[in-house]
Protein chains: 2
Amino acid sequence: MDKPKRVSSKDVAREAGVSQATVSYVLNNVKGVSIKPETREAVLLAARKLNYHPNLIARSMRLKKSMSIGVVSDKNVSNLLFMTILQGVKDALMPRNYSITLCLSKSYDIENSEHIKYYSSNRIDGILFVYADIPDEHLAYLVDNGIPFVMIHSDMKDDMANVVKTDMTNAMDNALRYLRGKGVERVTYLNSGSGDKWDRRYHEYTRAIERMDSPFAESNILTVPRGEEKVEETVYNFLSSMGSMPGAMFCDTTGLAFRVLREAARLGIKIPSELSVIAIGTSRFSSLAYPSLSAIEAPLYEMGRTGAEMLLDIMNNSVSNSVVVLEWEFNRRESC
Amino acid sequence: MDKPKRVSSKDVAREAGVSQATVSYVLNNVKGVSIKPETREAVLLAARKLNYHPNLIARSMRLKKSMSIGVVSDKNVSNLLFMTILQGVKDALMPRNYSITLCLSKSYDIENSEHIKYYSSNRIDGILFVYADIPDEHLAYLVDNGIPFVMIHSDMKDDMANVVKTDMTNAMDNALRYLRGKGVERVTYLNSGSGDKWDRRYHEYTRAIERMDSPFAESNILTVPRGEEKVEETVYNFLSSMGSMPGAMFCDTTGLAFRVLREAARLGIKIPSELSVIAIGTSRFSSLAYPSLSAIEAPLYEMGRTGAEMLLDIMNNSVSNSVVVLEWEFNRRESC
DNA sequence: CTGAAAGCGCTAACAT
DNA sequence: ATGTTAGCGCTTTCAG
């Protein structure tokens with residue numbers, strides 16, 4: 001199978017009867033250089049006629065930029081999260097002509113992790129960490145070596161630089177205010193796990209409750225035990241002993257919210273008229289469920305887009321140490 | 001932020017007191033060229049001392065290969081599938097020093113789809129389609145232009161070239177034989193969907209039943225209606241009216257199998273002693289469930305690995321038109 | 001066994 | 001307004 005001979009800018013130049021430099025000027029719209037309209041046309045025509053595609057590798061070499069960024073993520077991130085963020089990343093990169101190189105192996109030994117090797121060998125110009133847990137030494141290494149990077153994470157522990165963080169206070173307030181406005185008197189928070197992610201959600205919720213101008217008659221925390229059957233039992237018992245006071249449930253994950261929806265259905269509890277359900281988190285099924293699930297969700301697409309844009313800025317202008325905070329959203333659907 | 005000055009092979013050459021060519025010979029282990037051991041050592045030492053990393057872009061330019069392949073997939077692939085396949089792809093690429101470039105936008109207009117643009121501009125050397133539905137014109141374009149590609153798909157319709165396909169006959173036979181050996185007399189296939197994927201699974205199952213040397217006393221198909229509640233009701237009714245004959249259920253998706261597990265638990269049906277459950281498909285939760293779910297699964301990792309290897313072969317040796325068929329596996333766990 | 005030199009395709013001073 | 005030219009960092013004949 002013969003490789004079809006590649007046409008180079010030289011070929012275009014010859015075809016158009018100009019020099020290679022002119023071709024470059026025209027095709028890159030170099031500013032500060034003015035080209036006679038007819039020359040420009042000739043070049044454009046020749047390029048189209050020959051089906052010319054600039055050799056990105058050669059360009060990269062000359063510019064000393066690979067025009068690609070490395071995206072590294074942990075294996076355990078869920079598809080929807082990752083894909084949605086990637087979509088944002090792509091949309092930020094595309095207009096600037098950058099591509100995405102996947103880095104899948106994070107070695108414990110920093111210098112051997114894929115993203116560092118790729119950076120060292122000029123394969124990528126910067127690194128975007130997506131929901132990746134990176135040891136502190138790795139971060140120090142990046143900083144020490146002036147390697148451009150940005151971290152995207154909705155549940156960051158400490159204060160760091162070069163980070164896309166998120167804030168859920170407004171979304172929480174909106175959700176609670178909505179419930180309040182509907183006349184809900186009793187709200188229960190279902191706490192199903194422990195760990196950074198859950199602790200944060202729980203914390204945010206309790207703070208939001210404290211901020212309420214006109215408080216609920218009741219605000220409880222229900223901690224759900226581990227184990228399929230236990231969860232079901234706990235939820236079932238809680239729902240069946242629920243009085244007639246208009247109530248709402250806040251679930252710390254979408255999975256738990258689906259359980260609540262299920263058990264409520266079994267018990268004949270009408271949603272949302274008798275019970276409002278709100279989840280924290282994103283799921284592919286939230287809007288497909290019946291009733292569709294209201295949720296407080298991280299702005300995944302925007303996180304990807306913003307993170308990628310930050311990274312591009314850092315790479316090009318050497319701006320650094322910036323932190324962007326994006327707001328979670330309260331997406332009301334049928335369940336409340 | 002200053003870019004730390006990059007060291008080039010020239011620097012290494014100077015440090016080692018040899019020529020650039022020698023550095024290249026040593027570092028690439030060029031065969032057909034013999035190097036005096038002490039020279040080799042000197043070069044290696046100098047490279048390590050200066051922390052030299054070859055500039056991949058320059059290398060690519062010289063070799064006219066980008067050393068990256070494009071992976072394109074549809075947005076809707078589920079996490080485990082895609083990530084597992086990618087792992088296999090990565091493991092195949094890594095030792096050959098190829099990287100993965102993600103191509104996320106498949107335009108209807110072929111020439112504008114990311115993977116084609118990337119190929120045309122030398123960003124990638126070949127294309128790997130992962131569970132992607134590609135229109136026939138796109139394929140024709142690839143073939144016409146001699147663009148190396150491979151398609152990975154576990155449910156291919158027609159016969160095509162450059163494909164990693166799968167075969168589930170053996171896995172099906174193994175599963176059925178296992179049930180038979182256990183003394184199962186009645187087996188029911190739960191059919192929950194329609195479309196290529198489901199049709200294929202259903203078809204494979206019925207053919208496997210026909211192949212059985214010693215048939216089951218009963219073999220039924222139960223078609224499950226759409227809708228959360230309907231599914232539950234159907235499954236529940238079926239299970240509760242189940243006689244005492246040792247039975248087994250084949251579920252066309254893992255989701256459906258989980259439902260069966262649930263309802264059986266509610267009804268106090270012991271698994272696997274009173275009922276065996278086998279799913280078709282892969283889920284992150286199969287081995288986590290209790291009892292863990294037996295399943296017939298596509299060899300995802302191998303599909304990725306094999307696909308990538310095929311692609312590398314096609315790219316390097318211009319071998320073409322090969323088809324590899326990988327076997328699904330019957331993974332027996334606790335549920336049968 | 002090793003070195004000198006050409007050149008991959010592109011861009012950007014510097015000339016004209 | 002456009003052409004000339006010198007590299008970017010690497011590999012690889014071809015000479016020694």
Side-chain angles (χ1 to χ4, degrees), chain A residues 3-44 46-47 50-67 97 118-123 125, chain B residues 3-44 46-47 50-67 97 118-123 125:
Chain A
K3 288 237 161 85
K5 217 187 122 307
R6 299 266 186 183
V7 320
S8 75
S9 70
K10 203 177 210 164
D11 299 323
V12 177
R14 191 180 324 108
E15 176 74 21
V18 298
S19 82
Q20 233 181 321
T22 308
V23 173
S24 176
Y25 295 143
V26 171
L27 263 33
N28 296 320
N29 272 313
V30 180
K31 35 185 247 168
V33 179
S34 42
I35 301 286
K36 216 194 307 177
E38 57 217 67
T39 316
R40 150 171 268 106
E41 280 315 315
V43 171
L44 259 22
L50 299 180
N51 190 26
Y52 169 66
H53 291 274
N55 183 329
L56 239 263
I57 297 280
R59 186 165 204 275
S60 288
M61 166 138 185
R62 183 64 231 247
L63 301 184
K64 291 164 166 248
K65 300 196 283 180
S66 69
M67 302 303 282
N97 209 12
Y118 283 2
Y119 182 81
S120 303
S121 49
N122 289 37
R123 253 173 146 123
D125 298 331
Chain B
K3 289 236 160 90
K5 218 186 119 306
R6 301 266 186 183
V7 321
S8 75
S9 70
K10 204 178 210 163
D11 300 320
V12 177
R14 193 181 321 108
E15 175 74 20
V18 299
S19 81
Q20 232 182 325
T22 308
V23 172
S24 176
Y25 293 146
V26 171
L27 263 33
N28 295 320
N29 273 315
V30 181
K31 39 185 242 168
V33 178
S34 39
I35 302 286
K36 219 194 307 178
E38 56 218 65
T39 316
R40 151 172 267 106
E41 280 314 314
V43 170
L44 258 23
L50 299 180
N51 190 26
Y52 169 66
H53 290 275
N55 183 327
L56 239 265
I57 297 282
R59 186 165 204 275
S60 289
M61 165 135 182
R62 182 64 230 246
L63 300 183
K64 290 160 166 253
K65 299 196 281 181
S66 69
M67 302 302 282
N97 208 12
Y118 283 2
Y119 183 81
S120 304
S121 50
N122 287 41
R123 253 175 146 126
D125 298 331

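Predicted model, so just to flag it, every value in this text is computed and none were measured. In the text below, chain A, chain B and the rest are named by the order of the sequence lines, each starting its count at 1.
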At 4.0 Å (heavy atoms only), tell me whether [X] reaches a base, stays on the sugar-phosphate, or touches nothing.
X: A:Ser9; result: sugar-phosphate
X: A:Asn122; result: nothing
X: A:Leu63; result: sugar-phosphate
X: B:Thr39; result: sugar-phosphate
X: B:Val30; result: nothing

Could you state the atom-to-atom distance from [atom1] of [X] to [atom2] of [N] in whole Å?
X: B:Glu41; N: C:dC1; atom1: CD; atom2: P; result: 15 Å
X: B:Asn55; N: D:dC8; atom1: CG; atom2: C1'; result: 8 Å
X: A:Lys10; N: D:dT5; atom1: NZ; atom2: P; result: 13 Å
X: B:Asn29; N: D:dT12; atom1: CG; atom2: P; result: 13 Å
X: B:Ile57; N: C:dG9; atom1: CD1; atom2: C1'; result: 13 Å
X: A:Gln20; N: C:dA13; atom1: CD; atom2: P; result: 17 Å
X: B:Asp11; N: D:dC8; atom1: CG; atom2: P; result: 11 Å
X: B:Met61; N: C:dC8; atom1: CE; atom2: C1'; result: 4 Å

Of the candidate nucleotides [options], which contains the atom at the shortest distance from the side chain of [X]?
X: B:Arg59; options: D:dC10, D:dT2, D:dG9; value: D:dC10
X: B:Val18; options: D:dG3, C:dG3, C:dC10; value: C:dG3
X: B:Ala21; options: D:dC8, D:dT2, D:dT12; value: D:dT12
X: A:Tyr25; options: D:dT2, D:dG3, C:dG3; value: D:dG3

For [X] and [N], is the shortest distance between a side-chain N/O and OP1 or OP2 below 4.0 Å?
X: A:Thr22; N: D:dG3; result: yes
X: A:Lys64; N: D:dG9; result: yes
X: A:Ser19; N: D:dT4; result: no

Between [atom1] of [X] and [atom2] of [Y], what distance do you get to the nearest 0.5 Å?
X: A:Ser24; Y: A:Arg59; atom1: OG; atom2: CZ; answer: 7.5 Å
X: B:Thr22; Y: B:Arg40; atom1: OG1; atom2: CZ; answer: 11.0 Å
X: B:His53; Y: A:Asn122; atom1: NE2; atom2: CG; answer: 10.5 Å

Does any N or O donor sit under 3.5 Å from an N or O acceptor when you compare the side chain of B:Tyr52 with the base of D:dG9?
->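 Per atom types, no contact qualifies.
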Could you tell me whether the side chains of B:Ser66 and B:Asp125 share a donor-acceptor contact shorter than 3.5 Å?
->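 Result is yes, a qualifying pair exists.
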Taking side chain as C-beta onward, heavy atoms only, is B:Asn55 less than 4.5 Å from B:Arg6?
-> no
Take B:Gln20 and B:Ser9 through the side chain to side chain contact (heavy atoms under 4.5 Å, CB included) test and state the conclusion after the steps.
-> CA-CA 6 Å; B:Gln20 232 182 325; B:Ser9 70; 3.1 Å; yes
